[in-house]
Amino acid sequence: MTQRRATATAHANIALIKYWGKRDEELVLPYTSSLSLTLDGLRTVTTVEFGDLPADTATLDGEPLHGTALTRISTFLDLVRERAGLHSHATVTSRNEVPTAAGLASSASGFAALAGAAAAAAGLDLDARALSRLARRGSGSASRSIYGGLALWHAGHDDESSFAEPIHSPLDLAILVILVDDSAKSVSSRVAMRSTVATSPLFFRWVEDSARDLEIALRAVAEGDLATLGETAEANALGMHATMRAAVPPISYFTSGTQEALAAVREARAAGLPAWATIDAGANVKVLTSAADAERLAEWLRARLAGLTISVDYPGPGIAIDKG
Ligand code: DP6
């Protein structure tokens, strides 16, 4: 077979209204719709080359992947092979580029880039929505990294109806990352969300709250109302973490550094700065603000949280695919 190769670049995204919990694990159908901002800072560049090979291989930043990390990539490639009627294995070469926000390693940029490169290398001609649905199968949050700026992932009810799309807004946003801890997380989001759905008495209450949060957030985005967007995003994230704390056994990604950063964000707000926190499956705190206030807020927080690295990030572009 002739060798087929493509490279894709995708950026990480931070959810303002979160995805937490799957109603269908195989299809990666979530309980809730989610809203995110794709960032310029962290990107993944992935090349996929199908060829006459004995097995799939993958490297990340030059290191060969084994075990579950490789299996997850191979299983994803199976989806692409099945659709393209392809039987050959692939070499996957992936690089995470982190010019600003260290500690933000992301399965979203990773699986979005893999989806784009693998589909193109296999000769599949997918539009953005089809690519978003494909990326979703690798990692839910990857469905949103197909687009630049704000993206809304519709939970949907089947493979066809669960996809992300871009959302336009007059807001000029920025995200600060307060680096509390750059070590790998103790429990993967995949495992933590499974346990939360299965055991937390608070989970379905959060699912209900999240639908209302999303409505409020989308209206705020359309109207350019940063304060309402920020308040809603912070409440949604803290609610998500509360569901985990009520799981059996309890899960908490917060450290004392997380609590300190959260307190600093509240103080910044009390001092009149636009600042609202959000936290994912890790200890780091991300702060939503306006592009105009981002540098000033970063200075304020650096003074308050001496010793912690704080980076400023702005909205980034959607996926770029280079065939050949
Ligand atoms: C807390 O997309 O990493 O970042 O679908 O199992 O791969 P899988 O999960 P993943 O979960 C992201 C969870 C989150 C919130 C969010 O990004 O919406």
Side-chain angles (χ1 to χ4, degrees), residues 12-21 30-39 108 140-141 143-145 147 149-155 164-178 189 193 196 200 202-246 253-254 258-259 261-282 284-294 297 301 313-315:
N13 71 73
I14 301 296
L16 303 176
I17 303 295
K18 303 291 186 190
Y19 148 53
W20 194 254
Y31 275 104
T32 59
S33 297
S34 52
L35 175 70
S36 64
L37 184 66
T38 297
L39 298 184
S141 53
S143 64
R144 302 182 307 234
S145 274
Y147 306 98
L150 290 162
L152 167 63
W153 173 16
H154 298 279
E165 63 179 0
I167 297 288
H168 300 287
S169 170
L171 287 169
D172 280 324
L173 300 171
I175 296 241
L176 274 51
V177 179
I178 306 178
S189 47
M193 67 174 81
T196 307
S200 174
L202 299 186
F203 179 70
F204 289 96
R205 169 63 203 270
W206 178 77
V207 168
E208 274 173 37
D209 288 353
S210 216
R212 189 208 51 208
D213 290 347
L214 181 65
E215 242 176 72
I216 296 170
L218 285 173
R219 202 175 321 129
V221 156
E223 291 170 357
D225 178 354
L226 175 62
T228 301
L229 177 63
E231 277 161 29
T232 312
E234 187 171 295
N236 185 265
L238 294 178
M240 177 186 85
H241 285 276
T243 68
M244 290 182 231
R245 248 171 254 125
Y253 289 105
F254 287 28
T258 310
Q259 303 285 9
L262 280 175
V265 169
R266 281 193 298 270
E267 280 171 34
R269 213 151 60 213
L273 287 158
W276 294 271
T278 187
I279 302 171
D280 294 301
N284 298 325
V285 175
K286 292 112 186 184
V287 187
L288 178 70
T289 189
S290 71
D293 292 296
L297 177 63
L301 288 169
D313 221 316
Y314 297 94

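The analysis underlying the following values was restricted to heavy atoms, covering all of them including side chains, and did not include hydrogens, waters or symmetry mates. Note that the coordinates shown come from a computational prediction; the quantities given were computed from them, not determined experimentally.
- In this structure the side chain of Lys18 reaches within 4.5 angstrom of the side chain of Asp280, judged on heavy atoms.
- Here the CG atom belonging to Leu16 is positioned 9.0 Å from the CG atom belonging to Asn236, to the nearest 0.5 angstrom.
- The structure places CD1 of Ile17 at 6.0 Å from OG of Ser210, a figure rounded to the nearest 0.5 Å.
- Distance OH/Tyr31 to CZ/Phe204: 4.0 Å, rounded to 0.5 Å.
- Using a 4.5 Å heavy-atom cutoff, the side chains of Leu273 and Thr289 are not in contact.
- For Ala174 against Ala294, the heavy-atom pair with the smallest separation is CB-CB, 3.6 Å.
- Take Phe254 and apply the ring-ring contact (aromatic ring centres under 6.0 Å, His included) test, not counting sequence neighbours, and it matches His241.
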Is there a side-chain contact (heavy atoms from CB on, under 4.5 Å) between Leu288 and Thr278 once you walk through the steps?
CA-CA 8 Å; Leu288 178 70; Thr278 187; 6.0 Å; no
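- For Tyr314, the ring-ring contact (aromatic ring centres under 6.0 Å, His included) test picks out no residue, with sequence neighbours left out.
- Residue Ser33 comes nearest to Ala155 through the heavy atom pair OG-N, 2.9 Å, listed as atom of the first residue, atom of the second, then distance.
- For the atom pair CG (Asp213) and OG1 (Thr232), the distance works out to 6.0 Å, reported to the nearest 0.5 Å.
- Closest heavy-atom contact between Ala277 and Leu262: CB-CD2, 3.5 Å.
- Under a 3.5 Å cut-off, the side chain of Thr196 and the backbone N or O of Thr243 do not form any donor-acceptor pair.
- Rounded to the nearest 0.5 Å, atoms CG (Leu35) and NE2 (His154) are 10.5 Å apart.
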side-chain contact (heavy atoms from CB on, under 4.5 Å), that's the test. Do Leu173 and Leu150 meet it? Break it down for me.
CA-CA 10 Å; Leu173 300 171; Leu150 290 162; 4.1 Å; yes
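- Of all heavy-atom pairs spanning Pro274 and Asp293, the tightest one is CG-OD2, 3.3 Å.
- Side-chain atoms of Asp225 never come within 3.5 Å of backbone atoms of Arg219 as a donor-acceptor pair (strictly under, hydrogens ignored).
- Taking the side chain as every heavy atom from C-beta outward, Met244 and Met240 approach each other to under 4.5 Å.
- By the 6.0 Å contact criterion, CZ on Arg205 is open, its count of non-hydrogen atoms from other residues, nucleotides or ligands being 12 or less.
- The ring-ring contact (aromatic ring centres under 6.0 Å, His included) check on Trp153 picks up Tyr19, with sequence neighbours excluded.
- Interatomic distance, Lys286 NZ to Leu176 CG, rounded to the nearest 0.5 Å: 12.5 Å.
- No side-chain heavy atom of Glu223 sits under 4.5 Å from any side-chain heavy atom of Thr228.
- Each of Ser145, Ser34, Ser141 was checked for a side-chain hydrogen bond (donor to acceptor under 3.5 Å, both in side chains) with Asn13, and the lone residue meeting it is Ser145.
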Report the C-alpha distance between Tyr147 and Ser36 in whole Å, list the side-chain angles of each, state the deciding distance to 0.1 Å, and finish with yes or no for side-chain contact (heavy atoms from CB on, under 4.5 Å).
CA-CA 10 Å; Tyr147 306 98; Ser36 64; over 6 Å; no
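- The closest side-chain heavy-atom distance from Thr32 to Trp206 is below 4.5 Å.
- The two atoms that bring Trp276 and Arg269 nearest to each other are CD1-NH1, 3.3 Å, heavy atoms only.
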